[in-house]
Every structure is written in structure tokens, then in C-alpha cells.
Amino acid sequence: SQVEEFARASGWDLKATKDSSITRKPPRKLLLPDSAESISEDFANHVEIYYSSPQRLKNHNLNSFQFIDKLIKQKEKP
């Protein structure tokens, strides 16, 4: 899923447990302090920084920048 793709690109550690649930451990290097709260909050932060300071996002994590860039360019096509 795109959620898992983003999570992996931004550094989240996703592990399946014996009962088929998934544990989520946030990246060590957070984009913003509240990014650790959830993958959704981290995603929202990435989109915000993509628009307000793309170079900052690029410098923070090139993989997550490229994921967000590709996703937004697909969605913004006329």
C-alpha cells in the first residue's frame, strides 16, 4: 500500500507480529517532533514541508522527498 511505501521511505520500522498485527516504530530522525505520533501525522508533516521548504525535506530524507514528489505530481496532473 502507499501508506507502507511512505512509512518505509520515511524511515518507519514496520514489523509483523505473530498475531498478524504490525508494530510501528517511528524513525530516529524525525522531520517534526509530532511526526512520531503516527504515520499519518508524519505524512501530513512531510506534505507541509514539501510545499513550504522542499530543500529542507530533500536534505532531511531524499527517499521520502522523492516519494512525496512523485505522489503529488501524479495527483496534480491536469
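- With hydrogens and angles disregarded, a donor-acceptor distance shorter than 3.5 Å links the side chain of His46 to the backbone of Asp42.
- No continuous path of hydrophobic side-chain contacts links Leu30 to Phe67 [ILVMFWY only; heavy atoms under 4.5 Å].
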Would you list the atom pairs, donor with acceptor, under 3.5 Å between side chains in residues 70-78 and any protein atom, with sequence neighbours excluded?
from: Lys73; atom 1: NZ; to: Asp69; atom 2: OD1; distance (Å): 3.4
from: Lys73; atom 1: NZ; to: Asp69; atom 2: OD2; distance (Å): 3.2
from: Glu76; atom 1: OE2; to: Tyr51; atom 2: OH; distance (Å): 2.5

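- Legend: residues meeting side chain to side chain contact (heavy atoms under 4.5 Å, CB included) with Asn45, ordered by chain and number and at least two apart, are Leu31, Leu32, Asp34, Ser35, Glu41, Glu48.
- Within the model, atoms CD of Glu4 and CD1 of Ile39 stand 8.0 Å from one another, a figure rounded to the nearest 0.5 Å.
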Before giving the answer on side chain to side chain contact (heavy atoms under 4.5 Å, CB included), spell out for Asn59 and Phe65 the whole-Å C-alpha distance, their side-chain angles and the decisive distance to 0.1 Å.
CA-CA 9 Å; Asn59 292 341; Phe65 173 84; over 6 Å; no

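- With sequence neighbours left out, Thr17 forms a side chain to side chain contact (heavy atoms under 4.5 Å, CB included) with Asp19, Ser21, Thr23.
- Separating the CZ atom in Phe6 from the OG atom in Ser40 is a distance of 9.0 Å, to the nearest 0.5 Å.
- Interatomic distance, OG of Ser10 versus CD1 of Ile68, reported as 8.0 Å (0.5 Å rounding).
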